[in-house]
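FYI, the numbering just counts along the sequence from 1.
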Amino acid sequence: MDWDKLRVFHAVAEAGSFTHAGDTLNLSQSAVSRQISALEEALQVPLFHRHARGLILTEQGESLNRTVREVFAKLAMTEALLTESKEKPAGRLKVTTTIGFGSSWLAPRLQNFLDTYPDVSMTLLLDDADLDLAMREADVAIRMHPPKQPDLVQRHLLAMDWHVVASPEYLKRNGTPQKAEDLDNHKIILFGSYRPPVPDIDWLAEIGRRPGSPRKPLLEVNSLKAMMIAAKSGLGIAAIPDYMADDAGLVRILADVKAPKVDVFFVYPEELRNSKRVAVFRDFLLAQLAHR
């Protein structure tokens with residue numbers, strides 16, 4: 001099988017259309033279509049069902065794409081390790097973490113890391129869903145739970161605390177709750193059930209209530225940063241992680257309430273155990289977290 005055709009096939013399979021794959025590959029739609037037709041002819045099997053709304057992989061196409069994705073992932077990892085200098089960290093490092101942690105805590109600290117290691121460049125992929133490290137969707141991850149895959153190396157970074165917060169204006173208008181049960185008489189901001197990045201993220205709905213009867217929020221918004229901003233605007237009370245609460249300009253309340261702790265892990269594939277880029281980034285995180 002021709003490598004160029006497989007590269008085009010993989011791009012089409014991931015994009016779901018000739019047009020979008022062509023944009024990625026800098027090829028015309030007709031050139032992409034010709035490559036796919038030639039590959040199907042060489043293999044003597046159809047790889048896609050053609051529909052007006054796009055392309056769907058056939059069973060044979062699914063099988064081929066699984067293999068091609070794995071091959072390209074291993075090639076990408078090998079290339080990264082080969083380009084890394086023996087003397088110092090070098091090359092691109094793809095890091096993934098949650099949107100809240102990545103935007104509020106990690107991104108503001110990256111200049112220090114990249115200034116210290118000028119031969120390293122970084123791609124920061126913020127997603128509340130776990131990217132597949134085994135398939136090289138990212139090199140390393142900072143996750144708010146232990147890794148589910150058994151073949152990943154993990155290092156515990158910290159146990160993250162929550163803080164219940166509200167704006168001074170909100171508390172002036174509505175009073176300050178003194179115990180968890182008082183939240184029944186207040187406006188609550190929750191994350192909601194859409195792809196929560198942290199286990200028990202809406203614990204504020206449950207405390208001080210009978211099991212199975214959570215309080216209803218005034219607002220659900222699937223972003224910790226947006227929850228913080230909404231609380232800052234005076235909309236209501238929210239529970240946000242300590243890395244946000246420190247700089248939010250909000251009043252911490254209900255300090256005696258027992259909140260769940262979130263264990264944060266640094267995770268990477270076994271193949272990158274000896275990568276200098278991974279090692280120095282891990283050490284940088286540990287140093288930053290020690291002084292937070």
Side-chain angles (χ1 to χ4, degrees), residues 97-112 124 126-128 142-145 157-264 285-292:
T97 190
T98 61
I99 297 168
F101 188 82
S103 58
S104 296
W105 188 89
L106 182 58
R109 290 166 171 79
L110 288 180
Q111 181 182 352
N112 188 4
L124 185 57
L126 303 185
D127 198 319
D128 287 340
I142 303 168
R143 290 188 175 157
M144 310 299 148
H145 57 81
L157 290 177
L158 76 152
M160 191 174 71
D161 292 314
W162 294 92
H163 296 290
V164 185
V165 297
S167 71
E169 294 77 16
Y170 174 86
L171 297 175
K172 187 176 179 180
R173 286 196 318 266
N174 300 279
T176 302
Q178 301 302 313
K179 55 186 185 298
E181 289 77 6
D182 294 344
L183 291 172
D184 290 351
N185 301 315
H186 284 269
K187 298 171 182 176
I188 305 298
I189 302 165
L190 299 180
F191 187 94
S193 60
Y194 181 74
R195 293 170 62 180
V198 178
D200 301 320
I201 194 168
D202 285 336
W203 60 273
L204 200 61
E206 305 281 352
I207 59 167
R209 301 278 292 186
R210 293 192 316 275
S213 61
R215 56 181 60 87
K216 288 184 168 41
L218 175 67
L219 172 69
E220 286 186 352
V221 53
N222 67 323
S223 161
L224 286 167
K225 194 161 190 177
M227 288 170 63
M228 180 192 74
I229 293 169
K232 201 169 183 177
S233 75
L235 183 66
I237 296 173
I240 59 176
D242 54 8
Y243 64 81
M244 285 184 169
D246 291 341
D247 301 316
L250 292 161
V251 178
R252 297 186 186 181
I253 58 176
L254 296 176
D256 295 333
V257 165
K258 187 176 180 182
K261 288 213 180 261
V262 177
D263 287 312
V264 181
L285 291 174
L286 290 169
Q288 291 289 310
L289 289 166
H291 297 97
R292 70 190 181 102

[X] to [Y] - nearest heavy-atom pair and separation:
{"X": "Ser167", "Y": "Gly234", "value": "OG-CA, 3.3 Å"}
{"X": "Thr97", "Y": "Ile142", "value": "OG1-O, 2.8 Å"}
{"X": "Gly249", "Y": "Pro168", "value": "O-CD, 4.3 Å"}
{"X": "Leu124", "Y": "Gly102", "value": "CD2-O, 4.3 Å"}
{"X": "Ala107", "Y": "Ser103", "value": "CB-O, 4.1 Å"}
{"X": "Ala231", "Y": "Ile189", "value": "N-CD1, 3.7 Å"}

Quick check for you: to the nearest 0.5 Å, what is the distance between [X] atom [atom1] and [Y] atom [atom2]?
{"X": "Leu126", "Y": "Ile99", "atom1": "CG", "atom2": "CD1", "answer": "6.5 Å"}
{"X": "Met227", "Y": "Glu220", "atom1": "CE", "atom2": "CD", "answer": "9.5 Å"}
{"X": "Gln178", "Y": "Asp256", "atom1": "CD", "atom2": "CG", "answer": "10.0 Å"}
{"X": "Leu250", "Y": "Ile237", "atom1": "CG", "atom2": "CD1", "answer": "11.0 Å"}
{"X": "Asp263", "Y": "Leu158", "atom1": "CG", "atom2": "CG", "answer": "8.0 Å"}

Under 30°, 30 to 60°, or over 60°: which ring-plane class applies to His186 and Tyr170, parallel, tilted or perpendicular?
tilted
Considering only distance and modelled atom types, tabulate donor-acceptor pairs under 3.5 Å from the side chains of residues 192-204, sequence neighbours left out.
from, atom 1, to, atom 2, distance (Å)
Arg195, NH2, Asp127, OD1, 2.7
Asp202, OD1, Phe191, N, 2.8
Asp202, OD2, Gly192, N, 2.9

Has Tyr243 got a side-chain atom pairing as donor or acceptor with Phe101's backbone, closer than 3.5 angstrom?
yes
Whether Asp182 side chain and Thr176 backbone form a donor-acceptor pair below 3.5 Å:
no
Answer whether the closest heavy-atom distance between the side chains of [X] and [Y] falls below 4.5 Å.
{"X": "Leu285", "Y": "Leu106", "answer": "yes"}
{"X": "Val262", "Y": "His145", "answer": "no"}
{"X": "Arg215", "Y": "Ile207", "answer": "yes"}
{"X": "Leu286", "Y": "Leu157", "answer": "yes"}
{"X": "Arg252", "Y": "Val164", "answer": "no"}
{"X": "Leu224", "Y": "Thr98", "answer": "no"}
{"X": "Leu235", "Y": "Lys187", "answer": "no"}
{"X": "Glu206", "Y": "Pro214", "answer": "yes"}

Given Val165 and Met244, is the side-chain contact (heavy atoms from CB on, under 4.5 Å) satisfied, shown in steps?
CA-CA 11 Å; Val165 297; Met244 285 184 169; over 6 Å; no
Residues Arg209, Asp184: salt bridge by 4.0 Å N-O rule:
yes
With a sphere of 6.0 Å drawn around CZ of Arg173, does it hold more than 12 non-hydrogen atoms of other residues, nucleotides or ligands?
yes
